[in-house]
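For ligands, and for the atoms within them, numbers begin at 1 and follow the listed sequence. Sequential numbering from 1 along the given sequence is applied to the chain's residues. Owing to the predicted nature of the structure, the values given are computational and were not obtained by experimental measurement.
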Amino acid sequence: MTDATSFRWWQQGIIYQIYPRSFCDTNADGVGDLPGILKKLDYLKWLGVHAVWISPVYPSPMADFGYDISDYTNIDSVFGTLQDFDRLLDAAHDRGIKVIVDLVPNHTSHLHPWFVSSRSSRRSPKRNWYIWRDPGPDGGPPNNWLSNFGGSAWTFDALTGQYYYHAYLAAQPDLNWRHKDVQEAMHNVMRFWLDRGVDGFRVDVIWHLVKDDRFRDNPPNRAYKPGEWPYKKLLATYTTDRPEVHDIIAGMRAVIDEYEDRLMIGEIYLPIERLVTYYGVAGDGCHLPFNFQLISISWNGLAIGSTIDAYEAALPPHGWPNWVLGNHDKSRIATRLGAKQARVAAMLLLTLRGTPTLYYGDELGMEDAAIPPEMLKDPWERNVPGLGLGRDPVRTPMQWNDSPHAGFSQVSPWLPVASDYRQRNVAGAQTDPYSLLSLYRALIGLRQTEPALNVGTFRRLEATTEVFSYIRQAGPRCFLIALNLSGKPAKVTYAESSIRGIICLSTCLDRDEERFDKQIELRPDEGIIGLLTN
Ligand code: NOJ
């Protein structure tokens, strides 16, 4: 029998990502802050999540909105103070909510004192903390490596006559992780936050940390089509997923393991067979290499089935699965699939085997918002315009109520509030038993009370394009989940005679107690969870 007590908190809990600039503003500057998160902890408790991951809140010139850090061991004044952070941590812990912070070890801000020193002279003791190279034979960049945010990944620095490497903006120089002092400095950053009591890290672009030591050109990507993200013109063979990265991760994991029960999540966009290598061997990798398959998958039963099969089959024996439905870099689920299938997606996320991660606002069905050109903020959109790469639409303020600025702030926020906030907000959805928010809460509640849905086994049944079904089981408790991925009614007949029982939750929220026996009639865009009764 599955004994739920033998699982770690991060295996049983649900992670909720907060993009702090957009969650709740308490000091009327239009930007969310730490006291704002504190103020909303009771909402998160009510929703039933077990951990929050907070995107970066460290001092930053905000060229990439906090992913360009100029001091790893402090809080940017726009978000509050270290005391605010401590208060938030205590208040979260008082409510049984764990706090995961973002760690951005791949690059610093160009204004970080380490880089300021590094660029000041070739003889600076920090020179080799970053990746400096002489110009290529033609005086141009040392090789063909591209920045994720457009153009060459190399920027020339006239003062010392060399180029430095940056996988993202020129304002985000990459650290040289081959340097022992860099490793030690970042380990100490980790200890600083672990000593304060954080429960873990989400490690930014962890698969980028090590680059080829021979600086070989990246090969062309023959599948690239004009109009796609220009970074994809080349395969990132020599700039990401280098074999040496696993030793670096093992070093970080060793720091995590100096403390009790802390978590390391890695941000990794790689195919499944490469992704799972980031679990490491014998517990020296990430506890959870983020699995973004649900973000990119074709939304049909066959594709979902084969993806889950491939993922489950590839997991190492010690690898605990996880699933992510959205984040601050990707189009929102309600926009990708539409409002109706967003309900089905919620049921899938919260009944799969593995830790679910939910992005703020997705529980309301927030959509990608239209951002007027004069309000664009994302440097990616500014550098590579017109390809739909910008992330502002998925970062708009949380919609708390129907008052001006959606209850997010007293003043005009840094990004506009989405126009649907009067109809779509927490206050309204909390009192509507049929809202997506009510569905999320019911799903989270059921997952938490039923070990079968949480840590139980997973077995999938035959899928069609329209319908995807599976069984979750712990001991005698056995559940059928059947999801209609289409907008048409679907009648499903199962071969197994044991598939009979009673519906305990439908995405329509009105079919409780209905019985089924080898057959279920699913309404358009409906998912159901049924308890099998034999
Ligand atoms: C990944 C983060 O999720 C993204 O928001 C950021 O722009 C890049 N890393 C660079 O840090």
Return the option from Ile206, Asp378, Asp204 holding the heavy atom at the smallest distance from atom 2 (C) of ligand 1. Asp204
Below 30° counts as parallel, above 60° as perpendicular, anything between as tilted: where do the rings of Tyr16 and Tyr43 land? perpendicular
By the definition ring-ring contact (aromatic ring centres under 6.0 Å, His included), identify the one residue from Trp10, Trp9, Tyr278 that meets it with His287. Trp10
I'd like to know whether CD of Glu184 has more than 12 heavy-atom contacts from other residues, nucleotides or ligands below 6.0 angstrom. no
Going by the atom numbers of ligand 1, which of them fall below 4.0 Å from some non-hydrogen atom of Val205? 1 (C), 9 (N)
Output yes when the distance from some N or O of ligand 1 to some N or O of Asp329 is under 3.5 Å, and no in every other case. yes
For Lys39, is the NZ atom crowded, meaning more than 12 foreign heavy atoms sit under 6.0 Å from it? no
The answer for which part of His208 has a heavy atom under 4.0 Å from ligand 1 is neither
Is Arg336 close enough and on-axis enough to Trp299, meaning under 6.0 Å and within 45°, for cation-pi? no
For Gln162 and Arg127, which I'm curious about, is there any donor-acceptor pair between the side chains at under 3.5 Å? yes
For Arg391, the ligand 1 atoms with a heavy-atom partner under 4.0 Å come out as 4 (C), 5 (O), 6 (C), 7 (O)
For ligand 1, indicate whether the residue Phe149 contacts it via side chain, backbone, both or neither (heavy-atom separation under 4.0 Å). side chain
Should the pair Arg391-Asp378 be classified as a salt bridge under the 4.0 Å nitrogen-to-oxygen rule? yes
From Asn148, Asp64, Asp102 - option closest to atom 7 (O) of ligand 1 by heavy atom: Asp64
Check ligand 1 against His107 and write out every atom of the ligand that is under 4.0 Å from a heavy-atom position of the residue. 10 (C), 11 (O)
If the cut-off is 4.0 Å to any non-hydrogen atom of Arg395, which atoms of ligand 1 fall inside it? 5 (O)
